[in-house]
Q: 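Before I ask anything, here is the structure I am working with.
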Amino acid sequence: MTAPRLVFAGTPEFAAAHLKALLAAGLAPIAVYSQPDRPAGRGKKLTASPVKQAALAAGLPVLQPASLRTDSAATELQALTPDVLVVVAYGLILPQSILDVPRYGCINVHASLLPRWRGAAPIQRAIEAGDTRSGVTIMQMEAGLDTGPMLKTAEIEIAPRMHSGALHDRLAEIGPPALIEVLEDLPRYLDSAETQDDSLATYAAKIEKAEAQLDWTLDAQALDRKVRAFNPFPVCWTALGSERLKVWEAQPEPPLGGAPGEILAADERGLLVACGSGALRLTTLQLPGGRAMPTADLLNARRDALRPGTVLGH
């Protein structure tokens with residue numbers, strides 16, 4: 001088929017990777033939607049999203065409505081007469097009035113192997129749950145949350161020590177080729193779309209910052225998965241006296257006794273902390289106002305506060 005007349009909607013870096021790939025493949029959108037500029041950095045200066053930055057660099061018009069649930073939003077999209085709206089991590093809900101506008105509907109690049117992990121945080125929830133496989137699904141959008149027919153999937157293995165940042169980057173590599181393949185023969189993929197099995201669906205709830213606090217009564221394996229799932233955001237933490245000690249990297253160890261949260265050893269290999277079952281060795285830490293560093297380096301400055309017998313989490 002001839003190249004479709006497409007509009008792109010996305011916001012974060014994951015979406016920007018897909019937009020850049022479309023441009024490189026000669027599938028330039030006629031317009032790009034992205035969320036409104038947000039305050040960022042220490043100065044809280046209004047900052048354009050990665051997608052907006054990429055679109056402006058390519059000379060593409062950018063639209064930034066605060067909502068798509070208005071008559072004017074539907075009218076604005078209709079004026080573009082798109083064949084298809086490509087949505088990648090846009091962050092705004094598309095009402096039926098928007099879904100109905102494009103000739104071929106709206107397609108979405110979702111960062112999981114649907115119907116596994118529908119929802120806002122599929123990458124983090126996959127690691128937190130201990131999944132061994134992940135991938136991207138190109139799907140046709142409908143009113144339900146990530147419930148639409150699947151057009152194509154691309155699958156990868158989740159490495160044993162992989163954290164969310166690394167999985168995000170791998171999915172951002174495999175998603176664009178799958179998207180381009182679908183767009184280059186869109187009617188055929190739509191005709192052969194596969195209905196999802198709702199009985200296999202799981203919900204990837206949005207990550208709440210309160211979840212990042214480590215509960216030392218839990219199993220060390222579960223805490224290890226959470227540390228990797230929440231790296232690089234929002235980053236797990238535990239209380240060290242009145243301070244928050246961020247835990248960037250850790251690994252589980254066999255049971256060694258001690259009360260949950262008790263530091264059992266502090267040496268060049270890290271802090272060994274007792275859990276409800278097993279122990280967790282904390283290898284990269286960060287104190288307020290400082291940078292993330294190997295635990296061995298932090299011990300040089302704060303050894304007294306991190307000595308064996310100290311109980312974290314209180």
Side-chain angles (χ1 to χ4, degrees), residues 4-16 18-19 22 27-38 48-52 54-55 60-112 114-123 125 136-152 175 178-179 182-183 186-187 189-191 193-198 201-208:
R5 184 175 171 84
L6 66 90
V7 173
F8 186 89
T11 299
E13 190 58 48
F14 183 80
H18 288 75
L19 175 57
L22 291 177
L27 293 169
I30 55 174
V32 171
Y33 282 75
S34 195
Q35 285 204 41
D37 297 358
R38 307 289 190 204
S49 72
V51 162
K52 180 180 179 180
L60 301 176
V62 178
L63 306 172
Q64 295 179 277
S67 170
L68 295 178
R69 295 181 177 277
T70 62
D71 292 341
S72 61
T75 300
E76 189 171 47
L77 182 61
Q78 287 168 351
L80 296 170
T81 61
D83 289 326
V84 62
L85 173 61
V86 175
V87 182
V88 187
Y90 180 31
L92 291 183
I93 294 174
L94 273 60
Q96 196 65 47
S97 60
I98 294 293
L99 295 173
D100 290 341
V101 170
R103 175 185 174 192
Y104 293 114
C106 304
I107 66 171
N108 175 239
V109 181
H110 185 72
S112 85
L114 289 171
R116 180 74 167 163
W117 301 122
R118 296 173 179 173
I123 294 175
R125 298 306 182 190
V136 296
T137 303
I138 315 297
M139 56 166 281
Q140 187 169 29
M141 298 181 71
E142 56 183 30
L145 179 66
D146 301 325
T147 58
M150 301 179 293
L151 309 182
K152 183 176 177 60
L179 173 63
V182 168
L183 290 174
L186 186 56
Y189 277 98
L190 291 172
D191 287 343
E194 179 185 353
T195 301
Q196 293 188 44
D197 184 347
D198 292 340
T202 46
Y203 179 58
K206 180 181 177 181
I207 300 295
E208 302 292 342

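Every value quoted in this text rests on a predicted model; they were computed, and no experiment measured them.
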Q: Looking only at atom types and distance, does a side-chain atom of Arg103 sit under 3.5 Å from a main-chain N or O of Pro82, one as donor and one as acceptor?
A: no
Q: To the nearest 0.5 angstrom, please state how far the CD atom of Gln78 sits from the CG atom of Asp71.
A: 9.5 Å
Q: For Glu142 and Thr147, what are the C-alpha separation, side-chain angles and deciding distance, and is it a side-chain hydrogen bond (donor to acceptor under 3.5 Å, both in side chains)?
A: CA-CA 7 Å; Glu142 56 183 30; Thr147 58; 2.7 Å; yes
Q: Kindly say whether Met150 contributes a backbone atom to a donor-acceptor pair with the side chain of Gln196 at under 3.5 angstrom?
A: no
Q: To the nearest 0.5 Å, how far apart are CG in Leu99 and CG in Leu85?
A: 8.5 Å
Q: Using modelled atom types and a 3.5 Å cut-off, is there a donor and acceptor pairing between side-chain atoms of Ser67 and backbone atoms of Arg69?
A: yes
Q: Could you report the tightest heavy-atom contact between Asp37 and Ala48, atom names first, then the distance?
A: OD1-CA, 3.5 Å
Q: Using atom types as modelled and distance alone, determine if a side-chain donor or acceptor of Thr202 lies under 3.5 Å from a backbone N or O of Trp117.
A: yes
Q: Show your working on side-chain hydrogen bond (donor to acceptor under 3.5 Å, both in side chains) between Ser34 and Ser49 and close with a plain yes or no.
A: CA-CA 7 Å; Ser34 195; Ser49 72; 2.6 Å; yes
Q: So, for Pro122 and Ala111, which heavy atoms are closest and what is the spacing to 0.1 Å?
A: CB-O, 3.5 Å
Q: Which heavy atom of Gln96 sits nearest to which heavy atom of Ala143, and what is that distance?
A: OE1-CB, 3.8 Å
Q: Taking atom CD1 as the centre, does Ile93 end up with more than 12 heavy-atom neighbours from other residues, nucleotides or ligands that are less than 6.0 angstrom away?
A: no
Q: Show, in sequence, the C-alpha distance, side-chain angles and deciding distance for Ile107 and Leu183, and conclude whether the side-chain contact (heavy atoms from CB on, under 4.5 Å) test is met.
A: CA-CA 10 Å; Ile107 66 171; Leu183 290 174; 3.7 Å; yes
Q: Under 4.5 Å between any side-chain heavy atoms of Val86 and Leu19, yes or no?
A: no
Q: With rounding to the nearest 0.5 angstrom, report the CZ to OH distance, Arg125 to Tyr203.
A: 9.0 Å
Q: Just verifying a value: how many Å separate Arg5 CZ and Ile30 CD1, rounded to the nearest 0.5 Å?
A: 3.5 Å
Q: Answer yes or no: is there a side-chain heavy-atom contact under 4.5 Å between Leu60 and Pro29?
A: yes
Q: Within the structure provided, determine whether Leu94 and Val87 are in side-chain contact (heavy-atom separation under 4.5 Å).
A: yes
Q: Tell me if the CG atom of Asp197 is crowded by more than 12 foreign heavy atoms within 6.0 Å.
A: yes
Q: NZ of Lys152 to CD1 of Ile138: how many Å apart, nearest 0.5 Å?
A: 8.5 Å
Q: Any donor-acceptor pair under 3.5 Å linking the side chain of Asp146 with the backbone of Gly119?
A: yes
Q: Is the backbone of Tyr90 close enough, under 3.5 Å, to the side chain of Gln35 for a donor and an acceptor to pair up by distance?
A: yes
Q: Strictly below 4.0 Å, N to O, side chains only: are Arg118 and Asp198 in salt-bridge contact?
A: yes
Q: Under the 3.5 angstrom rule, does the side chain of His18 hit a backbone N or O of Phe8 as a donor-acceptor pair?
A: no
Q: Once you round to the nearest 0.5 Å, how far does CG of Leu179 lie from CG of Leu27?
A: 8.0 Å
Q: Keeping Asn108 on the side-chain end and Met139 on the backbone end, is there a donor-acceptor pair under 3.5 Å?
A: no
Q: Kindly indicate whether the side chain of Tyr33, heavy atoms from C-beta on, has any atom under 4.5 Å from the side chain of Leu68.
A: yes
Q: Report yes if some heavy atom in the side chain of Val32 is under 4.5 Å from a heavy atom in the side chain of Leu63; otherwise report no.
A: no
Q: Locate the shortest heavy-atom distance separating Pro12 from Ala89; write the atom from each residue and the value.
A: CD-O, 2.9 Å
